[in-house]
Amino acid sequence: MGTEILSVAHYVPSNVLTNFDFEKIVETSDEWITERTGIKERRIAEPEVATSDLAKEAGLRAIKKAGLKSEDIDAIIVATATPDTYVVSTACHVQYKIGAKNAFAFDLWAACPGFIYGLKVAKGLIKSSGVKNVLLVGAETLTRFLDWEDRATCVLFGDGAGAVIVSNSDKKDKIIDVFLGADGSLKDLLIMPAGGTLTPFSPEVYEKRECFIKMKGREVFKNAVLRMQEAVDIILERNNIKPERIDYFVPHQANIRIIEALRERLRMPKEKVYVNIDRYGNTSAASIPIALSEMEEKGVLKKGNLVLLAAFGAGFTWGSALIEW
Ligand code: ACO
């Protein structure tokens with residue numbers, strides 16, 4: 001039995017925050033943000049909007065595009081690091097909101113590569129347990145967990161959701177391979193230290209700004225390039241595929257300089273690498289499915305294209321995937 005991506009869709013909040021808007025919030029400039037990150041603007045969810053609302057919109061669009069109904073979904077996986085609630089998964093919120101009453105539902109917490117982790121899990125579920133249609137959503141409302149006084153992090157992230165329907169098929173596997181990695185020893189380089197069982201929320205925690213995302217940018221940058229390169233090399237080698245056979249490379253959108261470093265190492269022409277970080281910033285687990293959805297809408301992605309994905313994020317976690325579109 002094979003697996004394939006039946007459809008892809010995305011949803012981003014309409015509220016746009018530009019670099020010029022940030023100049024009024026922290027000591028920064030459009031020039032600094034653009035040069036160091038490639039970001040020009042990002043989307044911010046309205047206060048009443050939760051991660052599951054973004055996931056719901058993207059999910060319903062993906063279900064419709066696949067020609068399915070909510071009742072046809074057997075499993076919902078929401079890859080997110082910014083859940084609606086800690087007890088009750090975001091996936092259960094989504095299951096209720098879209099009326100997918102035949103689906104089991106759970107969250108997958110792997111930060112930015114969460115979507116790639118989700119592909120591996122969705123493929124495994126289909127192959128091993130008779131599941132037919134998996135709704136896999138990458139959804140984040142990261143701007144809720146940003147320290148709006150820390151210019152080194154608050155300018156980087158945005159909100160959004162991307163969703164795919166992964167289904168069984170009687171043809172060859174189109175989710176050709178997924179490679180995953182993790183290294184918890186480097187967890188402190190990118191972490192929200194408080195809010196979990198280790199350090200629950202308290203006024204002191206808030207005072208120390210520990211309930212917000214903290215990042216050692218330079219170290220994360222170096223590790224991101226190294227690990228994504230490694231993930232790409234491993235998956236290409238073990239599938240005996242030369243980089244020139246790849247039609248499109250869709251990297252996690254964290255920093256244009258990381259994407260460029262990878263592109264150069266892979267010797268990929270610019271037109272084969274999809275970039276939308278300028279419009280959305282880093283949307284963590286949502287970044288790759290949002291990119292795939294835009295590529296499909298624009299008619300860039302065509303049936304039969306060989307697509308390479310790679311991502312890196314908090315944990316550290318990383319991964320790559322090879323897909324035939
Ligand atoms: N505006 C102006 N100046 C700034 C800003 C800003 N927004 N942010 C930092 N600076 C300053 C710093 O204070 C520092 O000043 P100093 O030299 O006086 O101390 C200077 O700019 C340089 O700071 P660096 O952190 O060294 O800048 P760098 O070139 O490394 O860029 C950045 C920082 C953009 C964060 C980069 O390191 C990066 O992209 N890192 C990787 C992020 C990433 O890949 N994340 C992926 C995972 S995300 C996830 O999993 C949720």
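Ligands are counted one by one from 1 in listed order, and the atoms in each one are counted from 1 as well.
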Original post:
Out of Phe145, Trp318, Trp32, who gets a non-hydrogen atom closest to atom 33 (C) of ligand 1?
Top reply: Trp32

Subject >> Min N/O separation Gly217 to ligand 1 under 3.5 Å >> reply: yes

Subject >> Under 4.0 Å to a heavy atom of Asn255 - the qualifying atoms of ligand 1, by number >> reply: 34 (C), 36 (C), 38 (C), 39 (O)

**OP:** Say whether Thr283 and Glu140, considering side chains only, have a donor N or O and an acceptor N or O under 3.5 Å apart.
**Re:** no

Subject >> Enumerated ligand 1 atoms positioned under 4.0 Å from heavy atoms of Arg36 >> reply: 22 (C), 27 (O), 28 (P), 29 (O)

Subject >> Protein contact for atom 7 (N) of ligand 1 (heavy atom, distance under 4.0 Å) >> reply: yes

Side-chain donor-acceptor distances from residues 6-14 under 3.5 Å, at least two apart:
residue: Ser7; atom: OG; partner: Ala62; partner atom: O; Å: 2.6
residue: His10; atom: ND1; partner: Ser293; partner atom: OG; Å: 2.6

**OP:** State, without any angle test, whether Thr37 and Asn255 hold a side-chain donor-acceptor pair at a distance under 3.5 Å.
**Re:** no

Subject >> Donor on one side chain, acceptor on other, Asn276 and Glu294, under 3.5 Å >> reply: yes

Subject >> Exercise: do Glu219 and Asn223 side chains pair donor with acceptor under 3.5 Å >> reply: no

**OP:** Might you check, step by step, whether the distance between atom 19 (O) of ligand 1 and some protein heavy atom is under 4.0 Å?
**Re:** no

**OP:** Return yes when at least one protein heavy atom is under 4.0 Å from atom 13 (O) of ligand 1, and no when none is.
**Re:** yes

Original post:
Is atom 2 (C) of ligand 1 less than 4.0 angstrom from at least one protein heavy atom?
Top reply: yes

Original post:
Is it true that Asp147 and Arg209 make a salt bridge, defined as a side-chain N closer than 4.0 Å to a carboxylate O?
Top reply: yes

**OP:** Only heavy atoms count here, so choose which of Glu140, Arg151, Arg218 is nearest to atom 26 (O) of ligand 1.
**Re:** Arg218

Subject >> Atoms in ligand 1 with a heavy atom of Phe312 nearer than 4.0 Å >> reply: 47 (C)

Original post:
Near Lys127 NZ, under 6.0 Å, is it more than 12 heavy atoms from other residues, nucleotides or ligands?
Top reply: yes

Subject >> Enumerated ligand 1 atoms positioned under 4.0 Å from heavy atoms of Leu190 >> reply: 47 (C), 48 (S), 49 (C), 50 (O)

Original post:
Do Asp53 and Lys97 meet the salt-bridge criterion of a basic N to acidic O distance under 4.0 Å?
Top reply: yes

**OP:** Give the atoms of ligand 1, by number and element, whose distance to some non-hydrogen atom of Phe157 is under 4.0 Å.
**Re:** 48 (S), 51 (C)

Subject >> Nearest neighbour of atom 44 (O) of ligand 1 from the list Ile258, Ile191, Asn223, on a heavy-atom basis >> reply: Ile258

Original post:
Do any nitrogen or oxygen atoms of Thr28 lie less than 3.5 angstrom from nitrogen or oxygen atoms of ligand 1?
Top reply: yes

**OP:** Please find out if less than 6.0 Å separates the ring center of Trp148 from that of Phe22.
**Re:** yes

Original post:
Any N or O of Ala314 that comes nearer than 3.5 Å to an N or O of ligand 1?
Top reply: yes

**OP:** Indicate whether any N or O donor in one side chain lies under 3.5 Å from an N or O acceptor in the other, for Lys298 and Tyr274.
**Re:** yes

Original post:
Under 4.0 Å from any heavy atom of Ala254, which atoms of ligand 1 are there?
Top reply: 43 (C), 44 (O), 46 (C)

